[in-house]
Amino acid sequence: MTSSTSNTGDIPTDALAEPGPDWPAAKKIWGLAWQLHWIGFGVLFGFLAVHSMVVIVMVNIRKRFCRKPLFLAINLLLFFLGATRAVYMLLDPYESRENGVEDPKWLTLLLFGIAYPCLTSAFSLIHLAFLEITKLKAGPSKLQNVKFLSAVIVLHFIIVFTAETTSSIKPELDALLIVCQSFFILWSLLLSGSFIYSGCKLIKHVNQVQKQLCIIEKDECSRNARQKASTTKVAKITLITSLLGLVVCGLHLYSIIGVYGMYSKVVHPSPWPWLTFQSFCRFVELAMASTIAYSVMQGDKRQRKGKTVPTNSGEKVELRTLRETHLKITDFTEPN
């Protein structure tokens, strides 16, 4: 799942988890670009960790998007994601010995690999919170079950820990890394597909609520037109997060079967394609984590007075209920 190379090239090729560049030559070719890559992403992931920790500390002060246990769990996962990525990038990026630090192989692999269960776990919990706050029933029922999600999250961390540590001790068992990546790909695909379905169902539901509000109160139509922009914003965040999840899956699949994969016959990939691929991977991970962090920061501002009014069919509908249903969605994107 990560390159394992030596600055001097003394480590035999068959001991490497993935082919890496010829570091002395590659660094000369990259120049400043290499410094921008490992320092830049290290700092950005560090900001993510600091932001998540600040939010956790202020959990009792600010309004929350979801109930407190979910809010804390999501931000803790984002904190560990940012912290492990920052340490990995700033201490010994890709085992390049950039700073003269030579980490134990098991620690390097674990620092790199542990970020993925953090990312998918935060993604699964924000999806759960999303469905809870909007009161939607969409996608597999198991993905709306806290016990099931908790079991999968724990299992994912166990798989990663076992695969990364075992393969570092016994390189001949590096096939375990394929099992680890396969689990990540399948789980991410399921979550992304479910989130896309939830987002589409949400848009349809909101359009129905808006029509009902316009029928009940004519003066609601102008305000609903303004709120529709917020609804569109929700849809964009939902789709962007899900699409980023699909991109991460694609990158992992490519890392298994492509030129940078574990069983590639390439000893040293070309420097620029390798750095471009790694930069794109880190960017997508950071972008996905940022959309999750942004989503969970939205507060619940549903404090409106309502009234009961008749519809065209003669049935009584509580206007407050319709307004709050709409506000649950628009609050997902509006700043506190």
Side-chain angles (χ1 to χ4, degrees), residues 44-86 114-139 141-154 156-157 187-188 191-192 194-195 198-199 202 230-231 233-238 240-242 244-245 285-304 324-336:
L44 289 174
F45 278 107
F47 280 147
L48 173 66
V50 171
H51 173 270
S52 299
M53 181 52 64
V54 170
V55 171
I56 291 171
V57 172
M58 298 177 63
V59 65
N60 291 322
I61 300 176
R62 62 169 291 111
K63 296 179 180 178
R64 297 185 298 274
F65 166 65
C66 54
R67 50 198 175 95
K68 188 174 179 178
L70 273 179
F71 183 85
L72 288 172
I74 294 170
N75 279 289
L76 277 172
L77 288 165
L78 291 175
F79 167 76
F80 283 114
L81 167 63
T84 54
R85 268 289 182 266
I114 206 70
Y116 293 110
C118 288
L119 186 61
T120 55
S121 299
F123 189 32
S124 66
L125 293 181
I126 195 66
H127 182 231
L128 175 63
F130 177 81
L131 294 177
E132 285 188 353
I133 199 71
T134 57
K135 303 300 181 184
L136 286 177
K137 296 294 182 181
S141 58
K142 289 292 186 181
L143 296 183
Q144 302 175 46
N145 186 294
V146 176
K147 291 183 178 179
F148 174 79
L149 288 178
S150 299
V152 175
I153 288 171
V154 172
H156 196 179
F157 275 98
W187 182 227
S188 297
L191 291 174
S192 297
S194 299
F195 219 152
S198 302
L202 173 65
S230 294
T231 305
K233 197 174 181 181
V234 174
K236 288 180 179 179
I237 291 176
T238 302
I240 288 173
T241 307
S242 303
L244 287 171
E285 293 163 5
L286 185 63
M288 187 174 177
S290 298
T291 58
I292 295 173
Y294 174 82
S295 300
V296 79
M297 283 292 292
Q298 308 314 304
D300 186 359
K301 302 183 286 293
R302 289 164 283 150
Q303 308 242 341
R304 302 291 179 97
E324 288 184 350
T325 301
H326 194 71
L327 286 169
K328 288 174 187 176
I329 300 161
T330 56
D331 284 348
F332 186 72
T333 59
E334 293 175 358
N336 293 319

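A side chain to side chain contact (heavy atoms under 4.5 Å, CB included) with I126 is found for exactly one of L70, L191, L78, V296, namely V296.
Listed here is the closest heavy atom pair of A86 and G46: CB-N, 3.7 Å. A pairwise comparison of heavy atoms in S188 and G245 identifies CB-O, 4.5 Å as the closest pair. Summarising the geometry of N75 relative to S52, their closest heavy-atom pair is O-CB, 3.5 Å, with the distance given to 0.1 Å.
Contact check for P117 versus W187: no side-chain heavy atoms found under the 4.5 Å cut-off. Contact annotation: the side chain of V54 approaches that of V50 to within less than 4.5 Å [non-hydrogen atoms, C-beta and beyond]. Annotation: side chain of F123 is in contact with side chain of T241 (closest heavy-atom distance under 4.5 Å). Using a 4.5 Å heavy-atom cutoff, the side chains of L125 and I153 are in contact.
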Which is it for T120 and H156 under the side-chain hydrogen bond (donor to acceptor under 3.5 Å, both in side chains) test, yes or no, and what are the steps along the way? CA-CA 9 Å; T120 55; H156 196 179; 3.2 Å; yes
For F71 and V55, what are the C-alpha separation, side-chain angles and deciding distance, and is it a side chain to side chain contact (heavy atoms under 4.5 Å, CB included)? CA-CA 9 Å; F71 183 85; V55 171; 3.2 Å; yes
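Applying the salt bridge (charged side-chain N to carboxylate O under 4.0 Å, His left out) test to pairs two or more places apart or on separate chains, those with a residue in residues 71-86 are R85-E285.
Note that CG of L77 is 9.0 Å distant from CD1 of I292, once rounded to the nearest 0.5 Å. Atom-to-atom distance recorded for I74:CD1 and L128:CG is 8.0 Å, nearest 0.5 angstrom. Note that the CD1 atom of I240 and the OG atom of S290 stand 11.5 Å from one another [nearest 0.5 Å]. Once rounded to the nearest 0.5 Å, the distance linking NE2 of H51 with CD1 of I56 reads 10.5 Å. Taking NZ of K142 as the start and OG of S194 as the end, the distance is 14.0 Å to the nearest 0.5 Å.
For the 3.5 Å distance criterion, the side chains of S198 and H127 qualify, holding a donor opposite an acceptor.
Counting only distance, with no hydrogens or angles, the side chain of T291 and the backbone of M288 share a donor-acceptor pair below 3.5 Å.
Applying the ring-ring contact (aromatic ring centres under 6.0 Å, His included) test to F45 and every residue at least two apart in sequence or in another chain returns nothing.
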